[in-house]
Structure formats: structure tokens, C-alpha cells
Amino acid sequence: MSIYGFSPETIAARVGTEVDSAYSSLGVPIYMTNNFVFEDAAQGAARCRSPEYGDLYTRISNPTNNELGKAIAALEGGEAGLAFSTGMAAISTLLLTLLKAGDHVLCDDTTYSATAWLLRELLPKFGVESAFLDFTNLDAVRAAMKPNTRLMIFETPCNPTMKIIDIAAISAIARERGAVTMADSTFATPFLTRPIEHGADIVMHSSTKYICGHGDAMGGLLVGPKSLMEPIHGDGLKNLGGTASPFNSFLMLRGLKTLALRMERHCASAMAVARYLDAHPKVARVYYPGLPSHPQHETAKRQMKAFGGLLTFELKGGLEAGVALMNSLKLCALAVSLGEANTLASHPASMTHWYVPKEAREASGITDGLVRFSTGLENIEEIIADLEQGLAGV
Ligand SMILES: *Cc1c(COP(=O)(O)O)cnc(C)c1O
């Protein structure tokens with residue numbers, strides 16, 4: 001029975017349960033093998049011509065990885081999905097496959113640092129130029145489009161201000177001008193936003209985060225139309241080699257089964273934390289798309305089912321207050337990344353963004369007192385109690 005067409009919760013609960021013809025196991029087997037044996041010369045010849053005739057070599061195709069690709073495609077409502085070793089392997093493979101010298105890329109100005117590096121540092125070496133601007137300013141986006149703009153990239157929500165990009169509006173501009181859109185939907189997951197329904201061409205996930213959900217495996221995913229995914233698979237992934245480990249794909253499939261439930265808890269708890277911090281005298285500002293004070297709260301209500309597990313907030317006491325809070329938290333772990341069972345807190349000014357000059361840092365919203373908070377699955381009263389005692393130490 002095909003899982004396509006069911007609700008996302010049902011698809012997620014059933015992913016990877018149709019695969020094993022050898023032993024009829026209900027769970028997806030982990031095919032930790034590099035090679036697949038041919039029955040005869042004709043079968044070998046066919047498989048060497050196309051993966052549609054069967055698996056050949058795991059870098060190109062592997063049953064466990066393929067199940068994950070199918071699962072994420074079903075969840076996002078796209079034609080084809082592919083699994084990669086990390087989120088950055090997914091993005092770099094997409095860029096290096098779809099772009100050629102002379103092409104132009106438009107990217108929202110609030111983007112993951114490694115994505116920005118690929119566009120700013122790597123692609124110009126190959127004759128591809130990029131421009132960064134605020135995608136919430138639709139007139140500026142229209143004005144920045146060039147005849148050779150081939151790709152438009154954005155994240156929603158994005159770090160650190162949890163800015164929300166209007167996927168339908170950006171996708172409409174792209175379509176009108178013949179450009180392809182890639183939405184990095186890592187923070188949203190298919191349970192909060194399904195970008196393809198809003199007009200995006202390709203959805204990307206760092207499955208390292210919520211999809212894995214347990215902080216124990218890295219991965220990346222792309223979903224899109226066959227016309228784009230076939231070259232990304234058959235040319236890009238095959239030859240660049242950023243293939244997922246089948247073991248990690250098994251962990252991602254396992255993560256997908258509980259993603260709907262986990263997202264409900266992450267979102268409900270983040271909302272409670274946001275309200276608590278918003279009323280705290282030592283907090284200057286809370287960035288959370290679920291608060292009516294958030295600049296894109298209306299867009300978020302339109303395209304998100306709930307507002308995510310991640311938030312940032314600014315302490316009135318600046319750098320010193322940020323460091324003091326880090327040293328006072330007991331339950332919340334001090335760590336980067338997001339989307340895990342543990343609540344994770346970090347202080348970008350003294351940690352991840354230490355090397356960025358203060359002015360450039362502040363221009364991108366990362367002020368001295370900014371704290372990043374990935375709300376975990378612990379009891380919400382205990383998370384807030386830890387913040388309460390932590391803030392008392394500031
Ligand atoms: C983590 C992350 C990435 C990169 O993913 P990796 O799995 O670490 O390579 C890309 N985009 C966003 C929004 C992320 O949070």
C-alpha cells in the first residue's frame with residue numbers, strides 16, 4: 001500500500017515500512033553495503049546505465065537512502081527526494097549541479113554562514129555571482145532580479161531574528177522571471193510549513209536538526225520536481241559524492257516517525273518560553289514568530305502551522321549579561337545546533353560569531369546580549385525554572 005496521499009502524521013508514522021521483500025521485516029533494514037551483486041551480465045549492464053534498473057554502488061543509490069528520499073518527498077508533497085551526508089552536502093551539490101558560469105543567484109541576507117560562504121567565496125571562482133538582500137522587501141527583490149538570475153535561496157524562519165519569508169510571494173517573482181527557488185526549511189520541518197504547497201521549487205533540510213531529533217546523526221535532504229532532482233542525483237550526487245550513510249538514513253527515518261509529536265511539544269514549549277521572556281525585566285527583546293510583536297507574525301500565521309522550537313532574545317545587560325546567563329544555566333545545555341531533545345542555549349557574540357567585527361555582527365542582528373535558545377522536550381516548568389534561576393544570576 002502506498003503512503004502517498006495520506007496525512008503527514010500517517011505518512012511519517014509509516015515511513016520505511018514497505019521495503020523489505022527478503023525477510024518481510026516491518027522496520028526498514030539498514031543496507032550497510034557498498035555493492036549490489038548482479039544476477040547476470042545483462043543485469044549488470046542495465047544497472048550501470050541507470051539506477052531505475054536497480055542498485056549498483058551506494059554512492060549512487062542504496063535502498064535505505066532511497067526509502068528516506070521517498071519519505072521526505074511524500075511528506076513535502078514533492079516528486080522526488082534525495083538523502084545527503086549533511087545539510088551542506090545537499091546545498092553544495094544543488095549549487096554545483098544547477099549553476100553555470102554567467103549565472104546569478106539572489107539570496108536572502110539572513111542566511112546560514114556556510115551557505116553564504118559558498119555563494120560569496122566559492123561560486124565566484126567558477127563565474128557565478130550572487131547578491132544578498134532582505135527578501136521581506138519584495139520591491140527590492142523584484143528590482144534585484146537580472147535576466148541571468150537562475151536561483152533564489154532563502155531560509156524561513158531564519159537566524160537570528162526568526163525572520164519569516166513569504167514563500168508564495170518570492171516564488172511568484174521567481175516563476176515570472178524563470179528562476180528556481182530553494183527554501184531551506186530546516187527550522188520549520190514539513191509539519192510546520194510545506195514550501196512546495198506555497199510555490200517553492202526545491203525544499204532543503206538539514207536533517208541533522210529536528211528530523212534526526214536526537215543530536216546523534218548528520219544528514220541533508222532535498223525534495224523537488226523530477227526535472228531538477230534527476231540531474232542533482234545523476235550528475236551532482238553521483239559524482240560529488242556527498243551521499244548519506246545508510247545507517248544515518250535509518251536514524252532519519254526513525255526520527256520522522258515521531259517528528260509530528262516532537263514538533264508539537266517543541267512549539268508549545270517555545271511559545272511558553274517566549275511569553276515568559278517577553279515579560280522578564282532583564283530581557284530587552286524576544287524574537288519569536290509566534291509573538292504578535294514579531295514583524296512577520298501575519299506571514300507566519302499564514303504559512304506555518306505553529307511557530308517552531310527556536311527563539312532568540314536580547315538581554316539588557318549586553319555581552320556581560322550573555323556570558324553570565326551562559327554560566328548560570330544548569331538544565332539547559334550550552335551548545336550550538338538545534339532541534340534536539342535537550343534544550344540548547346548559546347551566546348553568538350562570544351561563541352559562534354566571535355570573529356565577526358562588532359559592527360558587521362550587529363548589522364545582521366547579532367547584538368552583544370543576544371541569546372539563542374532551542375527549546376527541547378523537557379518539562380516546560382523545569383525549563384522556565386532554569387531560565388528563572390539563570391536570569392537571577394545576570
Ligand atoms: C545546520 C543548518 C544547515 C547546515 O546543515 P549541516 O547538516 O550542519 O550541514 C543549513 N541550514 C540551516 C538553516 C541549518 O540550521
Side-chain angles (χ1 to χ4, degrees), residues 157 159-162 186-189 191-192 206-218 251 254-255 258-291 294 306-354 366-394:
N159 238 346
T161 52
M162 301 301 129
T186 298
F187 290 10
T189 81
F191 285 102
L192 304 188
S206 166
S207 50
T208 306
K209 316 292 168 49
Y210 287 108
I211 290 177
C212 171
H214 298 72
D216 50 11
M218 306 198 89
L251 290 174
R254 196 170 71 149
T258 55
L259 183 60
L261 282 174
R262 288 187 287 109
M263 289 315 290
E264 260 179 53
R265 172 71 81 85
H266 283 300
C267 293
S269 294
M271 191 76 222
V273 168
R275 289 198 178 116
Y276 163 77
L277 291 169
D278 206 32
H280 199 286
K282 289 184 183 171
V283 175
R285 185 160 179 191
V286 180
Y287 298 93
Y288 186 64
L291 293 178
H294 188 278
F307 303 104
L310 202 70
L311 56 98
T312 54
F313 57 97
E314 196 179 318
L315 293 167
K316 286 184 181 159
L319 199 75
E320 248 174 79
V323 172
L325 179 65
M326 292 298 107
N327 288 329
S328 308
L329 291 174
K330 293 189 175 109
L331 181 68
C332 307
L334 305 190
V336 298
S337 198
L338 64 127
E340 303 184 6
N342 290 58
T343 292
L344 307 174
S346 68
H347 179 229
S350 69
M351 295 174 178
T352 46
H353 291 69
W354 64 269
I366 301 173
T367 48
D368 281 349
L370 193 82
V371 173
R372 197 169 105 143
F373 199 81
S374 170
T375 317
L377 302 178
E378 303 92 339
N379 177 294
I380 182 59
E381 280 154 29
E382 288 164 358
I383 295 174
I384 289 177
D386 193 39
L387 277 167
E388 178 89 17
Q389 69 79 27
L391 285 163
V394 168

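- Here OG of S374 is found 5.0 Å from CG of L344. Values are rounded to the nearest 0.5 Å.
- Contact between L329 and G390 at its shortest, heavy atoms only, is CD2-CA, 4.4 Å.
- Side-chain atoms of T186 and Y210, non-hydrogen and from C-beta on, never get closer than 4.5 Å to each other.
- The shortest heavy-atom contact between L331 and E382 is CD2-O, 3.6 Å.
- D368 meets the salt bridge (charged side-chain N to carboxylate O under 4.0 Å, His left out) test with K358, R361; sequence neighbours excluded.
- The two residues I380 and S269 make their nearest non-hydrogen contact at CD1-O, 3.5 Å.
- Between the side chain of E378 and the backbone N or O of T343, at least one donor-acceptor pair lies under 3.5 Å.
- The backbone N or O of K316 lies less than 3.5 Å from no partner atom in the side chain of R285, so there is not a single donor-acceptor pair.
- Between V283 and D278, the closest side-chain pair of non-hydrogen atoms is not below 4.5 Å.
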Let's go through L370 and F313 carefully: what are the C-alpha distance in whole Å and the side-chain angles of both, what is the deciding distance for side-chain contact (heavy atoms from CB on, under 4.5 Å) to 0.1 Å, and is it a yes or a no? CA-CA 6 Å; L370 193 82; F313 57 97; over 6 Å; no
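- The side-chain contact (heavy atoms from CB on, under 4.5 Å) with E381 is formed by just one residue from the set I383, N379, I384; it is N379.
- In this structure, H294 contributes its side chain and M162 its backbone to a donor-acceptor pair below 3.5 Å.
- At most 12 heavy atoms of other shown residues, nucleotides or ligands fall within 6.0 angstrom of atom CD in E320.
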Check against side-chain hydrogen bond (donor to acceptor under 3.5 Å, both in side chains), Y276 and E388: CA-CA 9 Å; Y276 163 77; E388 178 89 17; 2.6 Å; yes
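- Under the 4.5 Å side-chain criterion, counting only non-hydrogen atoms from C-beta, L311 is not in contact with R372.
- Taking the side chain as every heavy atom from C-beta outward, L315 and L391 approach each other to under 4.5 Å.
- At least one side-chain heavy atom of L192 sits under 4.5 Å from a side-chain heavy atom of C267.
- A donor-acceptor distance shorter than 3.5 angstrom exists from the side chain of T375 to the backbone of G309, with no hydrogens or angles considered.
- Of all heavy-atom pairs spanning V394 and A321, the tightest one is CG1-CB, 3.5 Å.
- Side-chain contact check for V371 versus T312: every heavy-atom pair is 4.5 Å or farther apart.
- With D386 contributing its side chain and C332 its backbone, the two residues share a donor-acceptor pair below 3.5 Å.
- In this structure, H280 contributes its side chain and K282 its backbone to a donor-acceptor pair below 3.5 Å.
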side-chain contact (heavy atoms from CB on, under 4.5 Å) for M351 and M326? Distances and angles first, verdict last. CA-CA 11 Å; M351 295 174 178; M326 292 298 107; 3.8 Å; yes
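- The backbone N or O of G255 sits less than 3.5 Å from a side-chain atom of R262, completing a donor-acceptor pair.
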Take V323 and H347 through the side-chain contact (heavy atoms from CB on, under 4.5 Å) test and state the conclusion after the steps. CA-CA 7 Å; V323 172; H347 179 229; 4.0 Å; yes
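- Remark: side-chain polar atoms of E340 are not paired, donor with acceptor, to backbone N or O of G376 under 3.5 angstrom.
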Hey, mind stepping through S346 and F373 against side-chain contact (heavy atoms from CB on, under 4.5 Å) and telling me if it holds? CA-CA 7 Å; S346 68; F373 199 81; over 6 Å; no
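- When all heavy atoms are compared, the tightest approach of L291 to M271 is CD2-CE, 4.0 Å.
- When all heavy atoms are compared, the tightest approach of A217 to L251 is CB-CD1, 3.7 Å.
- The side-chain heavy atoms of T352 and W354, taken from C-beta on, include no pair separated by under 4.5 Å.
- Under a 3.5 Å cut-off, the side chain of Y288 and the backbone N or O of G308 do form a donor-acceptor pair.
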